[in-house]
Amino acid sequence: MLVLVLNGPNLSRLGTREPEVYGLTSHDDLVASCEQWGRDLDLDVEVRQTDDEAELVRWIHEAADSATPVVLNPAAFTHYSYALRDACAQLRAGLVEVHISNPAAREAFRHTSVISAVATGTIAGFGVDSYRLALSSIAAGPLSD
Ligand code: DQA
């Protein structure tokens, strides 16, 4: 099963960006880890990063049309992008919102996510391991009663 891992603005800067908040793992390292976790979980993982809201929206449309599950770190778009939220509402095969840090424990503007209400679930605060947990939840399949 293909899973798209989509990273929003500034996440290309991982490793040098505020390492006390986001750690020392680079985006290239994160890509390699996600691909390895995918192999471990029998998932075909494709990781993309963009600073461009329109490009991210187009990738979400692609996932909606192909019924592909998505792991999304919307980065700062989390807190204000209704365009991204409306795109995410069209997804049909699951959406896991991930954050490296725990936005709830940070500045007040990070306490709002406009994405969470249209996500299957949210994983935040576990460093880059948040992505492994998100991929595991997708591999485990949909929740049953
Ligand atoms: C982030 C948290 C956001 O508040 C921030 O804007 C980011 C990264 C995280 O992964 O912890 O860019 O999504």
Side-chain angles (χ1 to χ4, degrees), residues 1-41 43-64 66 68-143:
M1 176 178 41
L2 174 66
V3 180
L4 280 181
V5 175
L6 303 180
N7 285 324
N10 295 302
L11 291 170
S12 60
R13 309 281 301 160
L14 285 177
T16 53
R17 171 194 185 198
E18 298 178 84
E20 67 286 1
V21 177
Y22 298 111
L24 292 169
T25 303
S26 69
H27 192 267
D28 283 352
D29 291 340
L30 175 63
V31 171
S33 292
C34 286
E35 289 172 353
Q36 182 58 53
W37 291 325
R39 284 189 287 276
D40 295 345
L41 293 162
L43 300 172
D44 185 10
V45 171
E46 184 180 332
V47 185
R48 304 179 192 171
Q49 189 278 328
T50 184
D51 295 333
D52 181 343
E53 185 180 22
E55 185 166 40
L56 197 49
V57 166
R58 280 194 295 274
W59 289 344
I60 297 288
H61 292 170
E62 183 188 320
S66 56
T68 300
V70 173
V71 172
L72 173 65
N73 187 340
F77 293 148
T78 306
H79 313 300
Y80 66 90
S81 176
Y82 298 121
L84 186 58
R85 177 209 164 99
D86 285 351
C88 288
Q90 301 169 49
L91 290 169
R92 294 178 288 142
L95 168 65
V96 184
E97 176 186 352
V98 298
H99 300 283
I100 295 167
S101 67
N102 177 3
R106 299 180 63 196
E107 302 97 317
F109 77 88
R110 297 184 203 275
H111 297 179
T112 298
S113 169
V114 301
I115 306 297
S116 294
V118 294
T120 312
T122 301
I123 298 170
F126 296 96
V128 292
D129 213 35
S130 293
Y131 291 80
R132 185 183 61 77
L133 296 167
L135 290 168
S136 300
S137 75
I138 287 175
L143 294 177

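Positions are given from 1 along the sequence. As the structure lists them, so they are numbered: ligands from 1, and atoms in each ligand from 1.
Shown in contact with R17 at under 4.0 Å from a heavy atom are these atoms of ligand 1, numbered in order with element: 7 (C), 12 (O). The distance from ligand 1 to the heavy atoms of H79 drops below 4.0 Å at these ligand atoms: 3 (C), 4 (O). Residue-ligand proximity, A76 to ligand 1, at heavy-atom distances under 4.0 Å covers atoms 6 (O), 12 (O). Listed by atom number, the atoms of ligand 1 under 4.0 Å from R110 heavy atoms are 3 (C), 4 (O), 5 (C), 6 (O).
For the atom pair CG (L95) and CD1 (I60), the distance works out to 6.5 Å, reported to the nearest 0.5 Å. For the atom pair CD of E35 and CZ of R39, the computed distance is 6.5 Å after rounding to the nearest 0.5 Å.
For atom 1 (C) of ligand 1, the closest non-hydrogen atom of the protein is H99 ND1, 3.7 Å. The nearest heavy-atom contact from the protein to atom 9 (C) of ligand 1 is I100 N, 3.3 Å. Here the heavy atom of the protein found nearest to atom 11 (O) of ligand 1 is S101 OG, 2.6 Å.
With sequence neighbours left out, the side-chain contact (heavy atoms from CB on, under 4.5 Å) criterion links S26 to D28, D29.
Remark: the Y131 side chain and the N7 side chain contain an N/O donor-acceptor pair separated by less than 3.5 Å.
Smallest separation of non-hydrogen atoms from V47 and C34: CG2-CB, 3.8 Å.
Heavy atoms of N73 found under 4.0 angstrom from ligand 1 belong exclusively to the side chain.
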Set out, in order, the CA-CA distance, both residues' side-chain angles and the distance that settles side-chain contact (heavy atoms from CB on, under 4.5 Å) for T50 and W59, then state yes or no.
CA-CA 10 Å; T50 184; W59 289 344; 3.6 Å; yes
